[in-house]
Amino acid sequence: CLFPCSMADTGVLELLRLIEKADDGVDSVDAASRLGVDHQVVVGAVKSLQSLGDIISAEQRSSKHWELTEEGSEIAKQGSYEARVFSAVPLEGLAQSDLMKLPFGKIGFSKAMSNRWIKVDKAQEGGPRVYRSVDSVVDQVREKLLLLQKGSGSQLEDKDKNELKKRKLLSEVTVKSYWIGKGNSFSTTITKQETELTPEMIASGSWKEKKFKPYNFEAMGVAPDCGHLHPLMKVRTQFRQIFLEMGFTEMPTNNFIESSFWNFDSLFQPQQHPARDQHDTFFLSDPALSHEFPQDYLERVKRVHSEGGYGSQGYMYDWKIEEAQKNILRTHTTAVSARMLYKLAQQEKFTPVKYFSIDRVFRNETLDATHLAEFHQIEGVVADYGLTLGDLMGILHQFFTKLGITKLRFKPAYNPYTEPSMEVFSYHEGLKKWVEVGNSGVFRPEMLLPMGLPEDVSVIAWGLSLERPTMIKYGINNIRELVGHKVNLQMVYDGPICRLDS
Amino acid sequence: LLDFTFRRMLLSDEEFDELCFEFGLELDEITSEKEIISKEQGDCKASEASDIILYKIDVPANRYDLLCLEGLVRGLQVFKNKLEAPRYRRVRPASGEPQKLIITKETAAVRPHAVAAVLRNITFTQERYDSFIELQEKLHQNICRKRSLVAIGTHDLDTISGPFTFTAKPPAQICFKPLNQTKEYTAAELMTLYKTDSHLRHYLHIIEDKPVYPVIHDRNGIVLSMPPIINGDHSKINLKTKNVFIECTAMDLTKAKIVLDMMVTMFSEYCSQPFSLFHVNSRELAYRTETLSSDFINRKVGINESTEKIAQLLTKMCLKSTATGAGDEIEVEIPPTRSDVIHACDIMEDAAIAYGFNNIVRTTPRTYTVANQFPLNKLTELLRQDLAAAGFTEALNFALCSQEDIADKLGKKIEDTKAIHISNPKTAEFQVARTTLLPGLLKTIAANRKMPLPLKLFEISDVVLKDQKKDVGARNSRRFCAVYYSKSPGFEVIHGLLDRTMQLLEVKPGSTDGYHIRAAEDSTFFPGRCAEIFARGQSVGRLGVLHPDVITRFELTMPCSALEMDLEPFL
């Protein structure tokens, strides 16, 4: 609770009086027994007094002491089992079988026997019979326990205590207590404390005379009533920001449905490529086909696939319009990049561009903890005269530096529409190894030249998923906890702001 | 063999990993058969297994020449200057006529192309033989697209005699003893026999429904194979086979040639005259020459190397190159193993790989551009911030869902939704693209019922609608949807959010230029608790208290109010 507990107020005054009388202090356990209250009450009073400033000094200490177990207390009250057996045996003796029926019979019998307080005559008619072998006994076990109960255990030897402990009548407990003394501003009178500042106090100025209960700064505050942005979208915002800082213009990627033509053919991805298989791509049954294409461009695409041209051998196969017409859910945002580059090529005069997009793409893949049928692709594209592979690496270095990733290296890779193609690896300090963080490359001339772009224009591009860096950033292992309706809203509520470079 | 080669190259595992990275291979794992079995089935099962080290390597999808150990080792050794790239030769048989393969016109109806070659005086060992079979299988799975585009058949030439004929016949007229069977079957019987074969049944569909099936036989009518299903038993190869006849039948001639070249170039190493082979029907080996300038490579890569140096770099990549002396011209010879090289840019890439991607100086292009946001995304970004500030939490749901989600569960008919339909969904979750954001938000609530009430969620995202006016026949529509879920419907909360949204979008209340809501009928909503939203005279969406049936169908128990509207009219 935020304020000193009121239940602790009881006993505070009495405790202060006790401290006043004690010269160099008092132990809280001692104080409790003297005030006749539970130790916890004194502890509460100490805490409450501590929070009021330097009224008392309290030093925590711990001491060990012996305490009777439940069984021990019972024996302190009723006597030891052996003593009880002794008194249960009359002078004329008792059948052993009857004695054993008593609740304490069994243990009491064997102890009394070993103490030689009783004896057994086995030759009796009707079974063995127990007789007293001494006139009277001293119940030392009980006496020792009573001593301990009174707190005078120091009179006993360790051997005795251990003996009783072995019989589970005694246990050693650690008691945490306070040594309480007077503080610098010790007083036995405490002014009543105000809990909160009120408008009245401000108006009257009475706050000047009042004492205020201190706040408990250990406690949490009250959570504000607010909405939250989704973590993946927060990361998306940051990536957008990075691209904008780097001067990249956002592409209109709000078209999930794409024709195979723009998604594959325009990128010089052959029609028999496995990515165009039913197992990898979602095809549409309605609307199944696209009908409008830029005809001249389509003819050039067909030619470069089936016959080559622009310095290329082509793939030398029978290119079919029917295959290009098939509508699909786009498998990459590069389909939009293709549309944008085609549009750029239609300009009267080429102007350099830098484009980016972050949007959904779809794959008809097998799903697992890190793969969904849809994910967000981040893509960057630069088109200009004379761009080099070194330029692509330089831009990637700048881009990843903004994500807080500075150690990069590049691995040759294969991609049907880029040549060269490079996988981007970054050194992961935590995993102590190189991990793949993206893909990149230079678009092939067979893709760019049919569009009508000038021959000396190079287009470099790279891509990565939005989900993977987000999962790493927020430590999420199962993608379903991040994306989709199975999201853990508590995770969304608790999410921090997103700064990718820190 | 692989292990042996690396030891000879004196490479540690780390150095080998580094070499793979540089060359564009991915060293997945260094393991052994023992380790694999032990991992999968426990140590006791593994005790008998071999502990010869295995390297699991991922090869780029277009480098068929690296699919077998022979090619991979050859490629790496040339790359490390330990070996000169071999030159493959076409030789005529020492005695007798060259073999011929006659292709009849009947094949046009089912599988129109075939090419063939002979490897003479080959020496197989168990290892070489296994590798030969494995390459065949890998090619079948990759470039041959599970035998649909190309199928490979290999035969012991000494058991058959040419010329060979590739033809097509009705299934009933084809009869032979197939590989590893004891009796003869007709083609029709074979199709039934292999229906239950765990391996072959995947290929039956390729010819099953055709009136004629392809078949290759020798001059005596002995059946070599019925591609792409099975070879004949008569001509099967074994470790002792000396002369191998390889045929590739195909739907795509280019790919058939690539596959055949790959088979023969990889294994001609084991012929008595190494790297010699013979293409049937007088086809020459597919060596090709490209001429390019070192300036082109320097400019594209961003390096500054001499013509001679670049020729050396390319030679390391098995692309034998020479500076012609005419300016900075380089002549590059592309061997039949490198079908992936189809343009000068492919040669440029190889020069860059040989130079080392990571040795290239990273530069900053001087491309000057001014950034622009896509206006719809700009609006979305700004609005999202303020909706969260209004106390609503953002959800993010899938664009794909079931028909039920967007129709039945909302009390609508699928025909009325303008939804696009997916033809090949693996599960019902991917039948359609969503036409409304509401089901996603309701499912998010259902998955989070343990959270304290009220739940206030929103999403701004795209739905997809059929649209005849678009080239693809569909378009995205940017929507804003919000729900309030608690013990009372909270219509006033959702209504208040609409007012706030309109305030943010600078649309004032009012019936002509501003916005207003008007009672509407909608089966998703509780009767009398639904209104249509009009902004500047245009209907933009709906809000209201959800129908109890809708709430129940989404496995919810509390009243819920919702709002969904188009954002594009506010651009």
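Heavy atoms of B/F392 lying under 4.5 Å from chain A belong exclusively to its backbone. A/R409 touches chain B through backbone and side chain together, each having a heavy atom under 4.5 Å away. In this structure, the portion of B/R288 lying under 4.5 Å from any heavy atom of chain A is its side chain and not its backbone. Heavy-atom distances place no part of A/L396 under 4.5 Å from chain B, backbone and side chain included. Only the side chain of A/V382 comes within contact range of chain B, with heavy atoms under 4.5 Å apart. For chain A, no part of B/E429 is nearby; none of its heavy atoms comes within less than 4.5 Å. If you measure heavy-atom distances from B/L387 to chain A, you find no contacts under 4.5 Å at all. Contacts between B/A352 and chain A at a heavy-atom distance below 4.5 Å involve the side chain alone, from C-beta outward. Interface remark: B/S461 contributes side-chain atoms only to the contact with chain A (heavy atom separation under 4.5 Å). With a threshold of 4.5 angstrom between heavy atoms, A/L392 does not approach chain B through any atom at all. Contacts between B/L441 and chain A at a heavy-atom distance below 4.5 Å are absent for every atom of the residue. In this structure, the portion of B/F23 lying under 4.5 Å from any heavy atom of chain A is its backbone and not its side chain. Both the backbone and the side chain of B/N62 have a heavy atom closer than 4.5 Å to some heavy atom of chain A. For A/F362, the part lying under 4.5 angstrom from a heavy atom of chain B is the side chain only. If you measure heavy-atom distances from A/L232 to chain B, the contacts under 4.5 Å come from the side chain alone. When heavy atoms are compared at a cutoff of 4.5 Å, B/L149 approaches chain A solely by way of its side chain, counted from C-beta outward. Proximity to chain B (any heavy atom under 4.5 Å) is shown, for A/V487, by both the backbone and the side chain. A/H291 touches chain B through its backbone: at least one of N, CA, C or O sits under 4.5 Å from a heavy atom, while the side chain does not. Looking at B/V464, the atoms closer than 4.5 Å to chain A (heavy atoms on both sides) all sit in the side chain, from C-beta outward. Contact of A/S357 with chain B is not made at all, since no heavy-atom distance falls under 4.5 Å. Contacts of A/Q272 with chain B are made by both backbone and side-chain atoms, with heavy-atom separations under 4.5 Å. Of the two parts of A/K326, neither the backbone nor the side chain holds a non-hydrogen atom closer than 4.5 Å to a non-hydrogen atom of chain B.
In this structure, A/N254 and B/L376 have side chains that are in contact, with non-hydrogen atoms separated by less than 4.5 Å. Put simply, the side chain of A/E419 does not reach to within 4.5 Å of the side chain of B/K300, judged on heavy atoms. Side-chain contact between B/T367 and A/D391 is absent, with no heavy atoms from C-beta onward closer than 4.5 Å. At a threshold of 4.5 Å between non-hydrogen side-chain atoms, the residues B/T393 and A/Y493 count as touching. Within the 4.5 Å cutoff, no side-chain heavy atoms of A/Y315 are placed close to those of B/D252. Residues A/L372 and B/F398 meet the side-chain proximity criterion, which asks for heavy atoms closer than 4.5 Å.
Each of A/N415, A/N327, A/V353, A/D225 has some count of heavy-atom pairs under 4.5 Å with chain B, and the biggest count is that of A/N327. Most heavy-atom pairs under 4.5 Å with chain B, from the set A/D318, A/L329, A/N364, A/V492: that is A/N364. The greatest number of non-hydrogen atom pairs below 4.5 Å with chain B, out of A/L367, A/L408, A/D359, A/N488, is found for A/L408. Considering only heavy-atom pairs separated by less than 4.5 Å from chain B, the leading option among A/Q398, A/E258, A/E446 is A/E446. Of the listed residues (B/P60, B/C345, B/G302), the greatest number of heavy-atom pairs within a distance under 4.5 Å of chain A belongs to B/C345. When each of A/G390, A/G386, A/G394 is scored by its heavy-atom pairs under 4.5 Å with chain B, the top score falls to A/G390. Heavy-atom pairs under 4.5 Å with chain B peak, among A/E292, A/M393, A/M422, at A/M393.
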- Item | CA sep, side-chain torsions, deciding dist, call: B/K378, A/E250, salt bridge (charged side-chain N to carboxylate O under 4.0 Å, His left out) | CA-CA 10 Å; B/K378 184 177 181 177; A/E250 193 170 24; over 6 Å; no
- Under the side chain to side chain contact (heavy atoms under 4.5 Å, CB included) rule, what do B/E394 and A/M233 come out as? Steps first, then yes or no, please. CA-CA 9 Å; B/E394 188 176 29; A/M233 297 294 96; 3.5 Å; yes
- Item | Check against side chain to side chain contact (heavy atoms under 4.5 Å, CB included), A/F410 and B/R362 | CA-CA 11 Å; A/F410 301 93; B/R362 297 169 190 182; 3.5 Å; yes
- Worked verdict on A/I257 versus B/I420 for side chain to side chain contact (heavy atoms under 4.5 Å, CB included): CA-CA 9 Å; A/I257 309 302; B/I420 63 97; 3.8 Å; yes
- Query: Are B/R384 and A/T237 close enough, and set up right, to give a side chain to side chain contact (heavy atoms under 4.5 Å, CB included), and what steps lead you there?
  - Reply: CA-CA 11 Å; B/R384 283 174 53 242; A/T237 303; 3.6 Å; yes
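Checked by atom type and distance alone, the side chain of B/S423 pairs as donor or acceptor with a backbone atom of A/F283 at under 3.5 Å. At distances below 3.5 Å, not a single donor-acceptor pair connects side-chain atoms of B/N448 with backbone N or O atoms of A/Q490. Side chain of B/H343 to backbone of A/Y310: a donor-acceptor contact under 3.5 angstrom is found. In this structure, B/N372 contributes its side chain and A/T249 its backbone to no donor-acceptor pair below 3.5 Å. The backbone N or O of A/H279 sits less than 3.5 Å from a side-chain atom of B/K426, completing a donor-acceptor pair.
Ion pairing between B/E349 and A/R444 fails under the 4.0 Å rule for side-chain N and carboxylate O. Look at A/R236 and B/E381 and you find a salt bridge, because one of the NZ, NE, NH1 or NH2 atoms lies within 4.0 Å of a carboxylate O, short of that distance. Residues A/K411 and B/E26 are paired through a salt bridge, judged by an N-O separation under 4.0 Å between the basic side chain and the carboxylate. Using a cutoff of 4.0 Å between basic side-chain nitrogens and carboxylate oxygens, B/R145 and A/D277 are scored as salt-bridged. For B/D471 and A/R339, the salt-bridge test passes: some basic side-chain N is under 4.0 Å from an acidic carboxylate O.
By a heavy-atom distance cut of under 4.5 Å, A/R240, A/L244, A/G247 are the residues of residues 240-247 of chain A near chain B, going up by number.
Aromatic ring orientation, B/F430 versus A/F282: tilted (interplanar angle from 30° to 60°).
Atom OG1 of A/T253 is separated from atom CG of B/N377 by 6.0 Å, given to the nearest 0.5 angstrom. Taking NZ from B/K470 and OG from A/S259, the interatomic distance works out to 13.5 Å, rounded to the nearest 0.5 Å. For the atom pair A/I395 CD1 and B/T363 OG1, the distance stands at 8.5 Å (nearest 0.5 Å).
For B/R434, the salt bridge (Lys or Arg N to Asp or Glu O under 4.0 Å) test picks out B/E459, with sequence neighbours left out.
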